[in-house]
Amino acid sequence: MRAATLKRHIDLHAWVGILAGLALFVAFFAGALNMFHHELHHWQEPAHEAGAPDANMQALLDTVLANHPEAGNWMFLIPGDDPSAIWQEQVDGKPVWHTEHAADFNDAGENVAVAGSGLSEFVNELHYELALPKVGIHLMGIVSVLYGAALIGGLVIHWSRLRKEFFALKHQGNLRRYWKNLHNLVGVLSYPFHVIFAWTGAAMCCLALLTLVMSGLVFGPQFQSAFTDATEAWPAPQASGNAVAMAGVDRYLARAEQTLPELEVGWIELQQYGDENAVVDVGGSVHGNVGHYAHVVMRGDDAALLTTTGPGNRTLNDAFLTPVYSLHFGDYGGLLVRVLYFVLALLGCLLFFSGNILWCERRTDRQGPSRAAAVMLRLTLGVTFGVVAGLAVSFLVSKPMLHSPWSAWTAPAEKIAFLITLLIALAAAFRAPPLATARLWPTLCAVLYMAAPLVQGAWEGFATWRETDILLVNGSLWAVAAGLLLVERLRVRRQRRAAPHPLWTGTVRSAAPAPAGADPDPA
Amino acid sequence: MRGLLGTVLGLPLAMMLCGLLAAAVPVDWRQWLVPLMLLSLVIWAAVIVLAGLARRPWRLGAGLLAANGLAWLLLQTTPLYGGA
């Protein structure tokens with residue numbers, strides 16, 4: 001490849017990375033914790049309320065319908081120790097989703113739930129929309145496509161020297177060379193997984209954008225119905241207005257077991273429940289397949305089978321759509337794959353962090369000290385450490401709030417704690433020299449992540465640590481702490497051997513144009 | 001600038017190129033709509049990469065606009081938009 005073409009590829013890779021890097025860092029860090037989303041749901045509940053042994057889904061369904069008759073139009077029932085009902089209602093013409101758990105109701109069917117922690121929802125929102133309602137998901141869609149472009153560029157840049165760079169992480173040369181080698185090594189090792197994350201993430205987040213452009217420019221008004229047919233297990237039924245008796249949850253589950261014995265039920269979707277056109281979709285997983293989602297669709301009134309979709313019995317559209325979700329969520333291979341995704345997501349954070357630092361140092365080396373590089377370095381440090389520390393503080397705040405008289409304010413308090421920590425980290429990053437930030441914050445963040453499980457244990461009893469879900473979440477928090485301590489150790493060791501890049505010691509104001517020819521690292 | 005042009009003008013171009021592919025392949029597009037949409041994302045990312053290689057942004061912008069116009073005109077010769 002010609003040197004000029006290669007240089008343009010490197011420039012594009014760097015610019016796209018710098019534009020998308022911080023958003024990707026937030027998404028990947030929250031995504032790493034989100035690998036234990038269901039466990040986090042359990043972790044965030046008060047220990048004494050976990051589980052409702054006599055709860056069943058039919059009782060929950062009847063209670064919810066008695067309180068909200070409109071809920072039967074579109075509802076999901078989620079089985080478990082404490083089954084939940086998630087339904088959509090129209091409020092002022094806008095669809096609004098509600099969730100109730102079986103434990104939220106007393107024996108008289110009255111809702112006695114008190115608003116509690118929202119940690120798992122918050123981590124999930126940070127992951128897929130940066131906790132920015134409405135615009136965040138579209139932003140992340142575009143970021144995912146840019147990420148895909150950076151991956152294509154990265155492959156072009158590194159293809160010819162792949163083997164050499166695989167063994168290039170050495171403590172020699174200056175600090176920039178080290179960041180570069182680390183960035184390349186992590187990128188090369190986890191490349192296939194990054195392709196998966198970028199593609200599936202873009203597919204999920206860009207759905208609305210693609211639908212808009214494809215229907216507007218290419219397929220016209222026929223697109224929406226074709227898209228619905230291609231992506232849904234059964235078309236949404238219209239209510240006839242004739243109320244009939246429903247078969248009930250037990251018969252739906254029995255029909256699903258009879259039709260697809262290997263199905264592990266994950267949810268029951270009800271549409272127009274109570275109407276003669278009601279349709280019920282018992283969905284879940286058939287394990288041992290990457291595309292493991294399966295559906296048994298039946299009539300609501302007599303549980304007569306309408307269709308079955310699962311491994312070995314899919315349309316071409318479904319065969320491509322199902323792996324998009326399972327490959328992104330990493331839920332196709334049990335705990336081992338989820339732990340692997342957790343590690344890869346943390347390595348991804350290191351990739352974006354090192355990429356941004358490389359850009360700042362490369363720009364300084366080539367063009368002399370610049371305000372843009374100084375600001376970008378501080379922004380990178382402030383956002384990354386702010387998000388990492390902010391989430392830890394959310395975890396720390398959660399339990400003391402939940403067991404206080406102000407437990408109803410737990411979810412807002414978790415978000416406020418995150419925001420305040422992020423703002424403090426940003427202010428500190430812009431106030432102190434970057435080297436001081438890099439010295440303080442990794443250790444501080446590690447201490448916060450080590451403390452979060454201790455606070456949980458102190459409030460709810462250390463015996464709860466023996467529960468698998470609690471152990472997994474606490475283990476993931478300690479793993480983050482261990483990762484941060486490892487990064488800190490590498491930084492200390494590295495700094496003993498080489499002087500820091502001038503960019504790390506100066507201030508933003510001191511970032512003035514340097515004398516021509518200053519290039520500490522021509523590589 | 002190149003990346004921005006590639007991102008903004010690459011989206012409709014990628015979708016229309018996929019539409020042309022759907023018109024060229026003798027299989028009903030409804031049967032492979034999901035693979036088509038997944039492919040459109042790859043094409044969009046590839047257009048951004050190619051846009052980044054352009055020497056001058058104004059040439060790139062003109063080229064992408066022309067490519068969009070041409071793809072749109074070609075799409076009008078297919079029965080896709082509003083077709084049965």
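Computed from a predicted structure; not experimentally measured. All chains are named by letter (A, B, ...) in the order of the sequence lines, taking the proteins before the strands, and each is independently numbered beginning at 1.
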Which value, rounded to the nearest 0.5 Å, describes the distance between [X] atom [atom1] and [Y] atom [atom2]?
| X | Y | atom1 | atom2 | result |
| --- | --- | --- | --- | --- |
| Phe219(A) | Leu33(B) | CZ | CG | 6.5 Å |
| Leu38(B) | Leu321(A) | CG | CG | 8.0 Å |
| Arg30(B) | Thr315(A) | CZ | OG1 | 14.5 Å |

| Below 4.5 Å, heavy atoms only, C-beta onward: do Leu207(A) and Met37(B) meet side chain to side chain? |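 A side-chain contact exists here, since the closest heavy-atom pair is under 4.5 Å.
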| request: For the residue pair Val34(B) and Val324(A), establish whether any side-chain heavy-atom pair is separated by less than 4.5 Å. | output: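 They are not in contact (no side-chain heavy atoms under 4.5 Å apart), so the answer is no.
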| message | Checking an interface table here. Which of residues 194-203 of chain A come within a heavy-atom distance under 4.5 Å of chain B? | response |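 Near chain B, by residue number: Trp199(A), Ala202(A), Ala203(A).
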| said: Please rank Leu11(B), Leu41(B), Leu20(B) by heavy-atom pairs under 4.5 Å with chain A and give me the top one. | reply: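 Of the candidates given, the most pairs with chain A belong to Leu41(B).
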Give a yes or no on this: more than 12 heavy atoms of other residues, nucleotides or ligands lie within 6.0 Å of atom [atom1] of [X].
| X | atom1 | value |
| --- | --- | --- |
| Gln238(A) | CD | no |
| Trp267(A) | CH2 | yes |
| Trp359(A) | CH2 | yes |

Please classify the contact of [X] with chain B as side chain, backbone, both or neither, using a heavy-atom distance under 4.5 Å.
| X | result |
| --- | --- |
| Leu151(A) | neither |
| Phe227(A) | both |
| Ser144(A) | neither |

What closest approach, in Å, do [X] and [Y] show between heavy atoms, and which atom pair accounts for it?
| X | Y | value |
| --- | --- | --- |
| Ser40(B) | Leu210(A) | OG-CD1, 4.0 Å |
| Met15(B) | Val218(A) | O-CG2, 3.5 Å |
| Leu316(A) | Trp32(B) | CD2-CB, 3.6 Å |

| query | Within residues 44-55 of chain B, which positions have a heavy-atom distance to chain A below 4.5 Å? | reply |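 Residues Trp44(B), Ala45(B), Ala46(B), Ile48(B), Val49(B), Gly52(B), Leu53(B), Ala54(B), Arg55(B) are the ones that qualify, each having a heavy atom under 4.5 Å from chain A.
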| query | Would you say Asp229(A)'s side chain and Gln31(B)'s backbone share a donor-acceptor pair under 3.5 angstrom? | reply |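 Checked: no pair found.
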| Between the main-chain N or O of Leu80(B) and the side-chain N or O of Gln222(A), is there a donor-acceptor pair closer than 3.5 Å? |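 Yes.
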| request: Pick whichever of Val213(A), Thr211(A), Val145(A) has the most heavy-atom pairs under 4.5 Å with chain B. | output: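 Heavy-atom pair counts peak at Val145(A).
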